[in-house]
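What you see is a predicted model; the values in this text were computed from it and never measured. Heavy-atom basis, side chains included; hydrogens, waters and symmetry copies ignored.
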Amino acid sequence: MNSSQMEADLYCIHCKEEVPHEITYVNNQLKSIECLECRHDLEINLDLNKEFYKETQKRVATKPKRMTQEYREDLSRFLFSLPVRVISKPYRMFKDIKQSRDVIKEFDHDNEDR
């Protein structure tokens, strides 16, 4: 799960003009829009735990297809990289889970402050 932010000039109903806003996405889904002038914030209710499980389920379900595609494209490269990938997989999974938990904590903490 990942979080990304971008700035865009949008019309603010509180400032009554077009001003910069910070738009936050979680897994490419809109999470919040905040006016950078008046700090008015529009929070989108998004179940982050559900998003995490959906992402995990999708990755597990598509893994056989992705691996098949890899070995069909270049079998020797696939076989050569397999031992390293098997050894590093627990670390990569830990890193992904930690990143997802950090995103969930960040937004849960934000919601507690409101």
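For the residue pair F52 and I104, the shortest heavy atom distance occurs at CB-CD1, 4.2 Å. Heavy atoms only, all atoms of each residue included: C35 and C38 are closest at SG-N, 3.4 Å. In terms of heavy-atom proximity, V103 sits nearest to V26 at CG1-CG1, 4.1 Å. Contact between R66 and R59 at its shortest, heavy atoms only, is NH2-O, 2.7 Å.
Side-chain contact check for S32 versus L42: every heavy-atom pair is 4.5 Å or farther apart. In this structure, Q69 and E73 have side chains that are in contact, with non-hydrogen atoms separated by less than 4.5 Å. No side-chain heavy atom of H21 sits under 4.5 Å from any side-chain heavy atom of E34.
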What pairs of donor and acceptor atoms, side-chain ones from residues 75-84 against any protein atom, are under 3.5 angstrom apart with sequence neighbours left out?
| residue | atom | partner | partner atom | Å |
| --- | --- | --- | --- | --- |
| S76 | OG | D74 | OD1 | 3.1 |
| S81 | OG | R77 | O | 3.2 |
| S81 | OG | F78 | O | 3.2 |

Show me the donor-acceptor pairs, under 3.5 Å and distance only, between side chains in residues 8-20 and residues at least two apart or in other chains.
| residue | atom | partner | partner atom | Å |
| --- | --- | --- | --- | --- |
| H14 | NE2 | H40 | ND1 | 3.2 |
| H14 | NE2 | H40 | NE2 | 3.2 |
| K16 | NZ | I13 | O | 3.0 |

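No single ILVMFWY cluster, assembled from side-chain heavy atoms under 4.5 Å apart, contains both F94 and V86.
Atoms CG and NZ, from N49 and K54 in turn, are 12.5 Å apart once rounded to the nearest 0.5 Å. Taking CD of E106 as the reference point, atom NZ of K31 lies at 10.0 Å (rounded to 0.5 Å). With values rounded to the nearest 0.5 angstrom, L48 atom CG is found 14.0 Å from K105 atom NZ.
Atom CZ of R101 has 12 or fewer neighbouring heavy atoms from other residues, nucleotides or ligands inside a 6.0 Å radius. Other residues, nucleotides and ligands place more than 12 heavy atoms under 6.0 Å from the CG atom of D47. The number of heavy atoms from other shown groups lying within 6.0 Å of NZ (K58) does not exceed 12.
By the 4.0 Å N-to-carboxylate-O rule, K50 lies too far from E55 to be salt-bridged with it. Of the charged side-chain nitrogens involved, none lies within less than 4.0 Å of a carboxylate oxygen, so that D96 and R92 do not count as a salt-bridged pair.
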Criterion side chain to side chain contact (heavy atoms under 4.5 Å, CB included) on D41 and I33, from CA distance to verdict: CA-CA 6 Å; D41 190 23; I33 302 172; 5.7 Å; no

